[in-house]
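Read the structure below first, then the notes.
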2 protein chains.
Amino acid sequence: MTLLNRNVDYAARALVFMARANKPTVSVAQMEGEVGVSRPFLRKTLQRLHKAGILQAVKGKGGGFALARNPENIRLSDLVSVLQGPLKLNDCVFRKQLCRHHDACLLRHKVSGIETRLLAELDSVTIKDLI
Amino acid sequence: MTLLNRNVDYAARALVFMARANKPTVSVAQMEGEVGVSRPFLRKTLQRLHKAGILQAVKGKGGGFALARNPENIRLSDLVSVLQGPLKLNDCVFRKQLCRHHDACLLRHKVSGIETRLLAELDSVTIKDLI
DNA sequence: ACAGAATGATACTGATAGGGTATCATTAAA
DNA sequence: TTTAATGATACCCTATCAGTATCATTCTGT
Ligand code: FES
Ligand code: FES
C-alpha cells in the first residue's frame, strides 16, 4: 500500500516552490528542475489541481500557475483527494451487504475509526507547514 | 487509496470465524459461506497466512486451518503486511535522492510521522478485538 | 500581423498490482 | 481405495499508476 502516490509527491513540491517563489505566476518550465519530473507530466498534474480550484492558471506567454489560496489553506488532504481520489473504505464498509451483521461489525467500526484519524492527519498538514 | 484490500477483509472474517469456532481445525468449505468469497480464492489467501506462520494447517480429510497464535496476538498489521506487503513510504522517503534537501525535507518528516501512527493503529487491533 | 511561450484538452502506451480461476500434486482419514 | 482436505503453480482479466505525445487555445512582445 502506498500512502501517497507520485503525483501527490510532485504536486507538494511544486506547490511549495510556488509558495516560496513570491511571483504572480510560475511556469512549469521553471519548476521542472526543482521538482524533478518531466515537464508534460508535471503539467498534467497541475492542470488537475487547477480544475479542482487549488491553483490559478494564466495562459499565454509569461503565464503559469499560482496558488489559488493561501498556503495555510491548502492541505495535504486536498492534494490526495484530487490526485488519488477519495479514500475508499474497506469493502465491507463500502458495499454494504457483503457480510451479515453489518451494523454490529467490529472490524468495520475499527477500520472506519482508523480511516477517520488518518484523514484528520492529512488534513492537518498544509503547504505552509512545508515551506 | 484503499486502506485494506479484499484479501485482508476476507482474512479478518475468516480468522474471527476460526477464533469463534472452538475446534481444532476449520476447513475452507466451512468458512466460505460466512466469509462470502469463493473457496479457491479464500484458500489461496489462507495459504499465504499459513506460510507466514499466522495459521496452522492440517492436510487430509478432516483437516483445515487454525490460528497458530492466540487471537490477541494476531494483529491487523500482521494481515496487512502479509497480504498487502509492507507499507511503502512516499517516494521521496523511499528512493532517496529524488529531490535535494532530503534530510531537511518537511514533507518527508510529516508523511513519515503519519505512516508511523497509522501502523500503530493497525497494530493495536487484534483478532480478539473483532470476536 | 506574427512568432513564441505558455496552458487546455485528450488520447495513447507500458508496467504493475488487484482480484480471481483452474489444475495437479500431496496428505490423511474412513 | 475413495474422498476430503491443503500445497504449489500457472494463468487470466481488469483497473490503476506513471508517463508520453499531440493539437488547440490564449496571451505577450515585437
Ligand atoms: S461488515 Fe463486513 S467485515 Fe464487517
Ligand atoms: S525528500 Fe523529496 S519531497 Fe522531501
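As a basis for the values below, the full set of heavy atoms in this structure was taken, side chains included, without hydrogen atoms, waters or symmetry mates. As the structure is a prediction and not an experimental result, all values here were calculated from the model.
For the residue pair B:Ser27 / B:Gln30, a side-chain donor-acceptor distance below 3.5 Å is found, with atom types taken as modelled.
The residue among A:Val58 and B:Gly63 whose nearest nucleotide of DNA chain D is located toward the 5' end is B:Gly63. When each of A:Gly64 and B:Phe41 is assigned the nucleotide of DNA chain C bearing its nearest heavy atom, the one mapping closer to the 5' terminus is A:Gly64.
The separation between A:Leu49 atom CG and C:dT7 atom C1' is 14 Å, rounded to whole Å. Between the CZ atom of A:Arg39 and the P atom of D:dT22 there is a distance of 16 Å, given to the nearest Å. Regarding A:Leu42, its CG atom lies at a distance of 16 Å from the P atom of D:dA21, rounded to whole Å. Between B:Leu46 atom CG and D:dT6 atom C1' the separation is 11 Å, expressed in whole Å. As a whole-Å value, the separation of A:His50 NE2 from D:dT26 P is 13 Å. Atom P of nucleotide D:dT25 and atom NZ of A:Lys59 are separated by 8 Å, given to the nearest angstrom. Residue A:Arg43 contributes atom CZ, which lies 14 Å from atom P of D:dA24 at whole-angstrom precision. Put simply, CG on B:Leu55 is 17 Å from P on D:dA5, counting in whole angstrom units.
For B:Lys61, taking side-chain heavy atoms from C-beta onward, the closest of the listed nucleotides D:dT6, C:dA28, C:dA9 is C:dA28. For B:Ser38, taking side-chain heavy atoms from C-beta onward, the closest of the listed nucleotides C:dT21, C:dA30, C:dG8 is C:dT21.
One donor-acceptor pair, N or O on each side, does fall under 3.5 Å between the base of D:dG19 and the side chain of A:Lys44. Applying the 3.5 Å distance criterion, the base of C:dG18 shares no donor-acceptor pair with the side chain of B:Arg6.
Taking a cutoff of 4.0 Å between a charged side-chain nitrogen and a carboxylate oxygen, A:Arg117 and B:Glu121 qualify as a salt bridge. Under a 4.0 Å N-O distance rule, the pair B:Asp78/B:Arg69 qualifies as a salt bridge.
Note that NZ of A:Lys59 and OG1 of A:Thr25 are 14.5 Å apart. Values are rounded to the nearest 0.5 Å.
OP1 or OP2 of D:dG7 sits under 4.0 Å from a side-chain N or O of B:Gln47. Within the structure, a side-chain polar atom (N or O) of A:Tyr10 is placed less than 4.0 Å from OP1 or OP2 of D:dG19.
Counting non-hydrogen atoms under 4.0 angstrom, A:Val37 reaches nothing in the nucleic acid.
Tracing side-chain contacts under 4.5 Å through hydrophobic residues (I, L, V, M, F, W, Y), one reaches A:Leu130 starting from A:Leu67; they form part of the same cluster.
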